[in-house]
Amino acid sequence: MSDLTGKVALVTGGSRGIGAATARRLADAGAAVALTYVEAADQARDVARQIQADGGRAAVVRADLTRPDAAAQAVEQTVRELGRIDILVNNAGFLSYGPLAEVSVAELDRVLAVDVRSVFLAAQAAARRMGDGGRIISIGSCFNGRVPGSNFVLQAMAKSALVGLTRGLARELGPLGITATVVDPGPIDTEMNPADGGTADVQRSLTALGRYGEAEDIAAAVAFLAGPGGRYITGTALAVDGGYTS
């Protein structure tokens with residue numbers, strides 16, 4: 001396991017699913033962790049209490065990332081409560097599914113606000129606070145590399161934007177010793193996309209391994225990139241998708 005002793009991480013959308021697993025994994029590696037939520041306050045506090053019960057430090061931050069000021073405020077609250085920020089994990093996002101003709105302007109704006117704009121603004125704020133060795137890790141999607149059917153236009157567009165953002169961040173922040181990467185999950189068994197859901201069998205059939213992954217699989221990849229093993233990895237995306245894009 002990566003050694004993150006003395007580091008401070010902020011995980012957006014850390015109350016459940018991939019975000020909660022990532023917060024716990026980073027804490028297990030020694031990092032103090034702040035995690036954001038917008039509605040699931042009890043779940044967020046449960047994650048924080050578990051980290052604290054295991055001897056770690058945790059803070060809970062309410063952040064409605066549809067608001068332009070929320071991402072930077074979450075970074076600043078992390079610094080106030082935990083003393084610094086070394087690792088930013090942009091995990092919060094929406095799963096958008098539906099025909100192109102039915103995507104409303106309101107839905108388009110909401111998805112882009114959380115999945116793209118908040119990632120940019122959180123990275124901007126965190127970069128001002130990070131030093132050499134900082135990590136910016138964004139959770140993308142297997143749709144960055146393959147869109148196997150219809151109804152995913154908005155999801156594919158929003159998550160693909162993270163690749164371009166990450167490449168730009170890598171070039172601009174590299175001289176400061178800060179890396180930027182994307183982790184692209186495949187089908188992961190979460191509340192948002194359960195392994196017993198209506199499209200689960202189709203999703204399994206599209207992977208090389210023939211099964212769903214678990215949130216801990218993504219958390220392990222994030223912890224690796226956040227630790228010493230990720231120090232020479234930047235400007236790229238890591239697929240953790242069971243061979244979905246192979």
Side-chain angles (χ1 to χ4, degrees), residues 11-26 28 35-40 42-44 46-47 50 65 89-104 106-108 110-116 118-119 137-163 181-225 237-246:
V11 180
T12 67
S15 62
R16 56 191 175 181
I18 290 171
T22 297
R24 291 192 294 263
R25 183 64 178 249
L26 296 178
D28 287 345
L35 53 118
T36 77
Y37 73 95
V38 63
E39 292 178 345
D42 290 342
Q43 289 174 280
D46 285 344
V47 175
Q50 181 181 353
L65 295 174
V89 182
N90 293 301
N91 167 74
F94 291 111
L95 178 60
S96 175
Y97 175 83
L100 173 66
E102 296 179 10
V103 176
S104 66
E107 183 181 6
L108 172 65
R110 183 182 73 150
V111 170
L112 293 181
V114 176
D115 288 36
V116 182
S118 78
V119 175
I137 304 166
S138 300
I139 305 301
S141 168
C142 54
F143 294 133
N144 285 345
R146 180 185 181 192
V147 183
S150 58
N151 296 325
F152 290 104
V153 173
L154 182 52
Q155 178 80 3
M157 178 182 71
K159 290 300 188 179
S160 294
L162 298 182
V163 176
T181 51
V182 178
V183 174
D184 287 335
I188 302 296
D189 185 16
T190 62
E191 182 179 323
M192 188 179 292
N193 183 25
D196 60 356
T199 65
D201 287 342
V202 173
Q203 292 184 60
R204 286 189 192 91
S205 72
L206 292 171
T207 70
L209 294 178
R211 61 178 176 83
Y212 265 56
E214 299 177 0
E216 288 73 17
D217 297 322
I218 307 305
V222 172
F224 170 76
L225 291 170
L238 173 63
V240 186
D241 64 4
Y244 183 97
T245 51
S246 63

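These numbers were taken from a predicted model, which means no experiment stands behind them.
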Student: If I compare all heavy atoms of Ala156 with all of Val147, which pair ends up nearest, and what's the gap?
Tutor: CB-CG2, 3.8 Å
Student: With distance as the sole test, does Asn91 use its side chain to make a donor-acceptor pair with the main-chain N or O of Gly13 at under 3.5 Å?
Tutor: yes
Student: Mind checking salt bridge (charged side-chain N to carboxylate O under 4.0 Å, His left out) for Asp196 and listing every partner two or more places apart, or none if nothing turns up?
Tutor: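 Asp196: no salt bridge (charged side-chain N to carboxylate O under 4.0 Å, His left out) contacts found.
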Student: If you look only at pairs with a residue in residues 199-210, which of them pass as a salt bridge (Lys or Arg N to Asp or Glu O under 4.0 Å), with sequence neighbours excluded?
Tutor: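 Sorted result for residues 199-210: Asp201-Arg204.
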Student: Considering residues at least two apart in sequence or located in another chain, which fulfil the side-chain contact (heavy atoms from CB on, under 4.5 Å) criterion with Ser141?
Tutor: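 Ser141: side-chain contact (heavy atoms from CB on, under 4.5 Å) contacts with Phe143, Gln155, Lys159.
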Student: For side-chain contact (heavy atoms from CB on, under 4.5 Å), just list the numbers for Val222 and Ile18, CA-CA rounded to whole Å, side-chain angles, deciding distance to a tenth of an Å, and then say yes or no.
Tutor: CA-CA 10 Å; Val222 172; Ile18 290 171; over 6 Å; no
Student: Does any N or O in the side chain of Thr12 come within less than 3.5 Å of the main-chain N or O of Ala92, such that one atom is a donor and the other an acceptor?
Tutor: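 Yes; at least one donor-acceptor contact below 3.5 Å.
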Student: If every non-hydrogen atom of Pro194 is compared with every non-hydrogen atom of Ala200, which pair is closest and at what distance?
Tutor: O-CB, 4.0 Å
Student: Within a strict 4.5 Å, meaning less than it, do heavy atoms of the Leu108 and Met157 side chains meet?
Tutor: yes
Student: Show the nearest heavy-atom pair for residues Ser246 and Ala208, with the distance to one decimal.
Tutor: OG-CB, 4.0 Å
Student: For Asp241 and Arg146, run side-chain contact (heavy atoms from CB on, under 4.5 Å): C-alpha distance rounded to whole Å, both residues' side-chain angles, the deciding distance at 0.1 Å, then the answer.
Tutor: CA-CA 11 Å; Asp241 64 4; Arg146 180 185 181 192; over 6 Å; no
Student: Restricting to non-hydrogen atoms, name the atom on Gly93 and the atom on Met192 that form the minimum distance, rounded to 0.1 Å.
Tutor: O-CE, 3.8 Å
Student: Quick one: list whatever passes side chain to side chain donor-acceptor pair (under 3.5 Å) with Asp115, sequence neighbours left out.
Tutor: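 For Asp115 there are no side chain to side chain donor-acceptor pair (under 3.5 Å) partners, ignoring immediate neighbours.
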Student: Does any non-hydrogen side-chain atom of Thr22 lie less than 4.5 Å from one of Leu35?
Tutor: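 Not touching, per the 4.5 Å side-chain cut-off.
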Student: With sequence neighbours left out, write down each residue that passes side chain to side chain donor-acceptor pair (under 3.5 Å) with Asp184, or none if nothing qualifies.
Tutor: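 Scan of Asp184 (side chain to side chain donor-acceptor pair (under 3.5 Å), adjacent residues dropped) gives Asn144.
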Student: Taking only residues two or more places apart in sequence or in another chain, which ones pass salt bridge (charged side-chain N to carboxylate O under 4.0 Å, His left out) with Glu191?
Tutor: Arg16
Student: Report the residues that fulfil side-chain contact (heavy atoms from CB on, under 4.5 Å) with Ala221, sequence neighbours left out, ordered by chain and then residue number.
Tutor: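 Only Val183, Leu238, Val240 meet the side-chain contact (heavy atoms from CB on, under 4.5 Å) criterion with Ala221.
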Student: Not counting sequence neighbours, which residues clear side chain to side chain donor-acceptor pair (under 3.5 Å) with Ser138? List them please.
Tutor: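 Here the qualifying residues are Asn90.
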Student: Using side-chain contact (heavy atoms from CB on, under 4.5 Å) as the criterion, list what pairs up with Ala21, not counting sequence neighbours.
Tutor: Arg24, Ala215, Glu216, Ala219
Student: Before you tell me yes or no, could you show the steps for Leu162 and Val119 under side-chain contact (heavy atoms from CB on, under 4.5 Å), namely the whole-Å CA-CA distance, both residues' side-chain angles and the distance that decides it to 0.1 Å?
Tutor: CA-CA 8 Å; Leu162 298 182; Val119 175; 3.9 Å; yes
Student: How would you list, by chain and number, every residue that makes a ring pair (Phe, Tyr, Trp, His ring centres under 6.0 Å) with Phe94, sequence neighbours excluded?
Tutor: none
Student: For Ala161 and Val116, work out which heavy atoms get closest and say how close.
Tutor: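 For Ala161 and Val116, the tightest heavy-atom pair comes out as CB-CG2, 4.0 Å.
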Student: Out of curiosity, Leu95 CG to Phe152 CZ, how far, rounded to the nearest 0.5 Å?
Tutor: 7.0 Å
Student: Could you grab the distance from atom CD1 of Ile139 to atom CD1 of Ile218, nearest 0.5 Å is fine?
Tutor: 7.0 Å
Student: For Ser96, give me all partners under side chain to side chain donor-acceptor pair (under 3.5 Å), at least two apart in sequence or on another chain.
Tutor: Glu107
Student: Please name all residues satisfying side-chain contact (heavy atoms from CB on, under 4.5 Å) with Asn193, sequence neighbours left out, ordered by chain then number.
Tutor: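 Testing Asn193 for side-chain contact (heavy atoms from CB on, under 4.5 Å), a comparison that skips the adjacent residues, returns Pro187, Thr190, Gln203, Tyr212.
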